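The next block holds one structure in the form of structure tokens; read it before the comments.
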Number of protein chains: 4
Amino acid sequence: MDWLTNSIMARHGVAGGATGSTHHLTEELQGEFHYTIGPYSQPVLQIAPGDRVIVDTMDAFGGAVQTEDDLPSARLTMPFVNPQNGPIMVEGAEIGDAIAVHIESMAPWGDDPQGACAMIPEFGALTGTPLTATLNEPLPELVRVVKLDENSVYWSDRVTLPYRPHIGTLSTSPTIDSINSLTPDSHGGNMDLPDMGPGSITYLPVRSPGARLFIGDAHACQGDGEVCGTAVEYRSVTTIHVDLIKGWTINWPRLETEDVIMAIGSARPLEDAARIAYRDLIRWMVDDYGFDQWDAYMMLSQCGRVRLGNFVDPNYTVGAGIIKTYLETGA
Amino acid sequence: MDWLTNSIMARHGVAGGATGSTHHLTEELQGEFHYTIGPYSQPVLQIAPGDRVIVDTMDAFGGAVQTEDDLPSARLTMPFVNPQNGPIMVEGAEIGDAIAVHIESMAPWGDDPQGACAMIPEFGALTGTPLTATLNEPLPELVRVVKLDENSVYWSDRVTLPYRPHIGTLSTSPTIDSINSLTPDSHGGNMDLPDMGPGSITYLPVRSPGARLFIGDAHACQGDGEVCGTAVEYRSVTTIHVDLIKGWTINWPRLETEDVIMAIGSARPLEDAARIAYRDLIRWMVDDYGFDQWDAYMMLSQCGRVRLGNFVDPNYTVGAGIIKTYLETGA
Amino acid sequence: MDWLTNSIMARHGVAGGATGSTHHLTEELQGEFHYTIGPYSQPVLQIAPGDRVIVDTMDAFGGAVQTEDDLPSARLTMPFVNPQNGPIMVEGAEIGDAIAVHIESMAPWGDDPQGACAMIPEFGALTGTPLTATLNEPLPELVRVVKLDENSVYWSDRVTLPYRPHIGTLSTSPTIDSINSLTPDSHGGNMDLPDMGPGSITYLPVRSPGARLFIGDAHACQGDGEVCGTAVEYRSVTTIHVDLIKGWTINWPRLETEDVIMAIGSARPLEDAARIAYRDLIRWMVDDYGFDQWDAYMMLSQCGRVRLGNFVDPNYTVGAGIIKTYLETGA
Amino acid sequence: MDWLTNSIMARHGVAGGATGSTHHLTEELQGEFHYTIGPYSQPVLQIAPGDRVIVDTMDAFGGAVQTEDDLPSARLTMPFVNPQNGPIMVEGAEIGDAIAVHIESMAPWGDDPQGACAMIPEFGALTGTPLTATLNEPLPELVRVVKLDENSVYWSDRVTLPYRPHIGTLSTSPTIDSINSLTPDSHGGNMDLPDMGPGSITYLPVRSPGARLFIGDAHACQGDGEVCGTAVEYRSVTTIHVDLIKGWTINWPRLETEDVIMAIGSARPLEDAARIAYRDLIRWMVDDYGFDQWDAYMMLSQCGRVRLGNFVDPNYTVGAGIIKTYLETGA
């Protein structure tokens with residue numbers, strides 16, 4: 001794909017768009033999965049900028065939900081949900097740098113692949129939760145297990161959905177904190193942004209030596225907002241190409257596709273997530289594309305694009321983007 | 001357009017998709033414009049279901065911002081902003097019905113058309129406001145006046161944006177309240193949803209005899225969220241086709257296009273607007289498309305579409321939609 | 001009471017603390033009660049600054065809930081709840097002025113007085129609501145009717161609560177809008193602030209000629225936040241003393257007691273209500289008490305007092321106050 | 001004090017109200033202070049239930065702000081603010097227990113004691129922040145250093161405030177996460193609740209072996225909400241008496257004083273913090289005081305007390321309480 005050679009990753013990465021060694025982070029190599037994103041866990045892999053990693057990701061239920069009788073409340077123990085691969089150490093990554101994670105492909109793992117989604121008590125957007133604490137009876141607990149392949153998710157007799165995979169959780173480590181894998185924040189985390197699929201490049205801030213990349217939570221498809229709390233959660237083989245951008249200090253995750261650049265904010269209430277994303281996008285346009293701040297602000301009011309990740313996690317995630325052609329200097 | 005014959009409007013409207021008389025609501029006929037949406041104003045037009053109305057809308061600044069020196073703080077007096085045409089009375093509309101407003105076309109009004117957007121002190125998403133009350137100095141007050149035509153908005157030497165018009169404010173009247181034209185709520189109002197352009201049908205609840213339709217606030221284009229507080233505000237000639245659906249009691253506005261049905265919520269914080277929209281969409285799928293409630297909830301978690309109207313007004317607006325093909329009974 | 005002679009009302013009011021005529025706004029004189037606060041209703045009384053009005057207020061249920069079998073969902077029809085007395089016209093009140101409403105006393109109305117509170121479906125702080133829209137089953141609908149007198153509210157065999165009355169809803173009219181009596185905003189409205197009882201003076205902005213004062217919604221007692229959605233709602237005989245302060249343009253309601261001045265904000269989310277209140281308090285300290293803005297801000301961080309009205313209505317209400325002794329010039 | 005012998009701590013603690021050994025956690029013994037609350041740090045002290053600990057706490061600025069020229073932006077490096085003493089290990093504390101922390105006294109540390117408060121760029125309630133992200137210029141950065149003693153805080157020539165100390169940050173450790181010391185959550189943390197002063201008992205959930213108690217952030221006084229972002233931050237000698245309550249599994253911190261029990265929630269938006277607190281208080285009344293759930297809900301609507309901790313940190317804190325006399329069985 002041509003646009004990649006002009007991507008930020010290719011233009012500014014240490015490897016300059018080249019691909020180095022390929023590693024395979026298998027379940028065996030991973031050993032223990034992680035439920036918290038921080039600087040205290042043991043690295044499982046060391047890579048060089050430009051290396052490719054094939055990651056065998058667990059599903060968000062850690063494989064505990066295989067049938068529609070496997071109720072999450074019986075099968076899962078908090079806070080041990082949303083298992084993460086990693087940490088992957090990137091050579092040369094220092095605080096103040098950024099890493100680039102290009103998702104090359106996401107395939108279902110294994111034969112006869114399936115995914116699961118669930119309504120979990122007091123989890124989701126249209127129910128009282130531990131934070132939006134109500135006295136209502138919880139919604140019923142329900143599991144849906146569906147077959148899928150690289151074309152489709154076979155939702156029901158009535159509806160077949162396209163296979164549109166993305167990675168739900170992608171993070172570098174905070175400096176001294178360790179954040180559970182359910183919570184997105186400025187280090188990345190459980191953003192659940194459908195745009196973060198094959199063909200996208202995510203940029204994450206480096207806040208500890210080696211960056212400490214965590215990845216997991218593959219979704220075969222997901223609607224905007226992940227409204228019931230879960231997507232089609234599945235085991236994937238996700239291939240990423242990682243590079244390191246020295247000295248690019250970003251405060252929040254950013255994303256690039258062929259057509260769009262997008263800044264990503266995570267917070268509550270939801271308008272704060274949108275504010276973060278739009279402010280960071282404006283700063284990006286000013287710093288890297290030569291816009292005047294007020295021109296960028298007023299122009300985004302005419303052409304900005306907002307994408308809702310989830311509004312079910314402890315923080316909600318919003319992406320604010322602009323079409324790349326609007327970033328070019330006129331002639 | 002073929003889909004219209006299968007639209008909810010055509011299938012359930014009193015006029016059944018037929019077009020009756022055409023009225024022209026000129027500035028002269030309108031006389032005084034309205035800044036509050038309620039049951040206390042004098043009707044300007046009486047129409048039958050199926051009638052078409054050509055509406056000459058003012059821009060949201062009421063024409064007071066013609067040059068970049070026309071600062072809103074000097075030219076505008078609160079609460080006299082966002083002037084509305086109407087109320088248009090629909091024959092036979094009673095409390096508990098819905099009206100359908102199909103926007104057939106939106107053209108710039110007059111020769112050499114232009115639009116204006118502005119940064120207004122303490123208005124917008126990335127600034128302290130009268131509600132998100134801070135002690136910071138307001139942002140600078142700036143006006144941008146741009147040329148436009150039915151193809152493009154000529155934003156700057158660098159950027160030309162496509163002409164993608166929509167109606168920012170569309171309402172029926174509340175029963176006894178009268179709501180300023182800046183605030184969206186369950187009666188419609190200042191939703192600023194870019195999907196509400198030519199080709200869309202909006203359904204609004206009838207809460208007073210005759211429905212009392214108000215319309216105004218045309219935007220030549222607008223980004224998701226209308227982040228700086230204003231779109232490219234312009235005078236338009238907007239042609240609407242109006243029908244009446246007897247006995248369809250809806251709690252919030254709904255929208256239909258060729259591809260999608262969408263429920264619309266307006267509230268603060270922004271997650272509540274999204275909750276309203278998704279809940280109403282689920283109820284719609286249950287009532288009119290035969291879905292099980294939990295199936296609809298879980299399925300929207302995989303394929304729901306969220307559209308952000310604005311998050312700058314006293315309430316924020318979110319649409320939650322689903323592709324129509326997913327509503328069909330499988331075979 | 002001595003402090004009244006030094007109150008803002010006495011020092012700046014047209015009547016200067018003097019008491020003029022006494023009017024009695026009986027149920028008969030009131031005729032139709034109002035469910036919307038605006039400029040379109042017929043005045044019921046004209047008073048001069050300094051006049052006293054004895055108001056016979058209905059309870060918030062309009063008398064429809066007399067026994068524990070009178071379920072609100074069966075007895076009430078939205079939006080016809082929270083009936084208001086008024087509008088009372090104040091001679092000489094013009095846009096830009098403020099009126100002062102000193103509550104002199106609140107007594108239960110009639111023999112053998114009682115009050116009612118209720119859990120109403122999808123209303124209250126610990127339940128999904130039409131705005132915080134969830135799919136949970138509503139909480140059970142329950143009514144509690146309790147005896148009360150001027151000393152106590154006889155809640156249960158187990159608990160007797162002190163009689164601490166206050167007025168839940170107190171408003172002037174907006175300029176052109178008409179706002180339902182459930183929603184507090186910058187014009188006052190359904191603030192449900194327990195501090196607004198006998199001995200308090202509330203200052204309200206005049207936004208239409210004559211101020212158009214509305215009053216209702218007496219509570220025999222109420223906890224902070226009015227968490228289940230209703231207080232001990234009762235019929236009262238409330239005596240107010242009203243004055244007019246010319247040229248005091250306030251943006252939000254303010255309150256004064258013997259010990260404290262308090263600014264009042266109403267908004268969602270709740271932090272915005274608190275921001276409004278604190279910002280207005282700072283501005284008040286700067287304008288009327290000679291504080292430097294930053295000194296006031298930092299000092300309130302050490303001694304400000306926050307009072308929660310309700311967080312159950314369409315807007316939530318917060319008061320931010322400071323003890324009067326801290327306002328005095330040191331010596 | 002007599003009430004202590006009837007406190008939950010005395011009635012249910014392993015030590016039953018008795019006082020064991022006294023430890024002194026000096027700066028020297030502490031060694032490195034902590035800026036993150038988690039299970040990965042080295043314990044500094046092991047105590048038995050019933051032991052007393054005298055803790056020499058640093059101020060929230062870590063001593064870096066001694067004069068009004070010591071601007072936080074120059075003197076502090078994020079995330080190294082709000083240093084915490086601990087972790088203190090409590091013998092026998094296991095996951096599912098609670099610990100009780102009775103604050104016996106708080107005295108200023110050292111001769112000629114002083115405190116500091118500051119306006120820090122993009123920190124505080126009335127300013128844009130990194131989350132409520134705006135484009136406004138930050139407020140000016142200002143420091144106020146004030147003298148204080150055990151009677152008063154000498155704020156200005158004009159105003160002297162009473163010395164009303166409390167501990168801003170008090171925590172047990174999460175199970176696997178490590179949370180920065182600025183953020184309150186269900187483990188406690190930076191709650192900034194003025195009620196948490198001498199004479200109060202705080203109950204915290206045990207989520208890791210030994211409880212791992214952290215403490216710091218003494219305030220000589222603080223207004224509700226800590227509106228500018230900082231209190232009068234000072235070095236203290238804080239004496240705590242710690243006990244262990246086996247098998248009392250609480251989800252959020254709770255507090256007891258002579259007069260009141262209070263449940264504490266921390267979240268954004270602010271209404272969610274209030275919802276958490278009120279729901280937990282109701283559950284507490286049901287579980288430990290024999291209330292019917294709906295009776296508790298409706299009764300708190302008449303007599304509940306809300307206390308605002310801060311609304312400036314990454315989460316906001318609210319306490320919901322009830323007067324103890326209302327908890328007693330009537331006779």
Side-chain angles (χ1 to χ4, degrees), chain A residues 34-41 77-80 122 128-136 173-183 185-186 207 251-252 263 265-283 286 293-294 296-298 300 314-316 318 320, chain D residues 34-41 77-80 122 128-136 173-183 185-186 207 251-252 263 265-283 286 293-294 296-298 300 314-316 318 320:
Chain A
H34 295 288
Y35 303 92
T36 185
I37 311 291
Y40 306 106
S41 41
T77 305
M78 295 295 293
F80 302 101
E122 298 223 313
T129 68
L131 299 182
T132 304
T134 70
L135 297 172
N136 302 89
S173 175
T175 306
I176 56 174
D177 290 347
S178 192
I179 308 297
N180 65 80
S181 55
L182 284 180
T183 302
D185 208 321
S186 66
R207 293 183 175 153
N251 289 318
W252 289 89
S266 295
R268 299 179 92 207
L270 188 55
E271 56 264 39
D272 273 3
R275 284 172 174 138
I276 291 166
Y278 259 129
R279 182 167 83 163
D280 193 48
L281 180 59
I282 290 169
R283 290 180 171 177
V286 169
Q293 176 179 217
W294 307 129
Y297 185 36
M298 293 174 86
L300 288 171
N315 278 333
Y316 307 147
V318 168
Chain D
H34 296 289
Y35 303 93
T36 186
I37 311 291
Y40 306 105
S41 41
T77 306
M78 293 296 292
F80 303 101
E122 299 224 314
T129 69
L131 298 183
T132 304
T134 69
L135 297 172
N136 302 89
S173 175
T175 306
I176 55 174
D177 290 347
S178 192
I179 307 298
N180 65 78
S181 55
L182 283 180
T183 303
D185 208 321
S186 67
R207 294 184 174 152
N251 290 317
W252 288 89
S266 296
R268 301 180 89 204
L270 188 55
E271 55 266 40
D272 273 3
R275 285 172 173 137
I276 292 166
Y278 258 129
R279 180 165 85 162
D280 193 48
L281 179 60
I282 290 169
R283 291 180 169 177
V286 170
Q293 178 180 215
W294 308 129
Y297 186 35
M298 293 175 86
L300 287 171
N315 278 333
Y316 308 147
V318 168

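Numbers restart at 1 for each chain; the letters A, B, ... are given by sequence-line order, proteins then strands. Just so you know, these numbers come straight off a predicted model, no measurement behind them.
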Honestly, the part of Ser186(D) sitting under 4.5 Å from a heavy atom of chain A is neither
**Request:** Return yes if some donor-acceptor pair links the side-chain N/O of Arg268(A) with the main-chain N/O of Arg268(D) below 3.5 Å, else return no.
**Result:** yes
Point to revise | Exam field: side chain Ser178(D) to backbone Ser178(A), donor-acceptor pair closer than 3.5 Å | key: no
Note: vs chain D, highest number of non-hydrogen pairs under 4.5 angstrom among Asn180(A), Asn251(A), Leu131(A) is Leu131(A)
Between the CG atom in Leu135(D) and the CZ atom in Arg283(A), the distance rounded to the nearest 0.5 Å is 7.0 Å
Under the side chain to side chain contact (heavy atoms under 4.5 Å, CB included) criterion, do Trp252(A) and Ser266(A) qualify, and how do the steps go?
CA-CA 9 Å; Trp252(A) 289 89; Ser266(A) 295; 4.3 Å; yes
Looking only at Pro130(A), Ala267(A), Gly38(A), Gly265(A), the option with the highest number of non-hydrogen pairs under 4.5 Å against chain D is Pro130(A)
Bottom line for Ile282(D): the part with an atom under 4.5 Å from chain A's heavy atoms is side chain
Margin query: Does the plane of the ring in Tyr35(D) sit parallel, tilted or perpendicular to the ring in Phe80(D)? Use 30° and 60° as the thresholds.
Written below: perpendicular
Against chain D, residues from residues 270-278 of chain A with at least one heavy atom under 4.5 Å, in numeric order, are Asp272(A), Arg275(A), Ile276(A)
Of Thr129(A), Ile179(A), Ile176(A), Thr134(A), the largest count of non-hydrogen pairs under 4.5 angstrom with chain D goes to Ile176(A)
Looking only at heavy atoms, the pair that brings Pro314(D) and Leu182(D) closest together is CD-O, 3.5 Å
task = May I ask you to decide if Asp185(A)'s main-chain N or O and Asn315(A)'s side chain share a donor-acceptor pair within less than 3.5 Å?
result = no
Value for CD1 (Ile37(D)) from CG (Asp177(D)), rounded to nearest 0.5 Å, stands at 12.5 Å
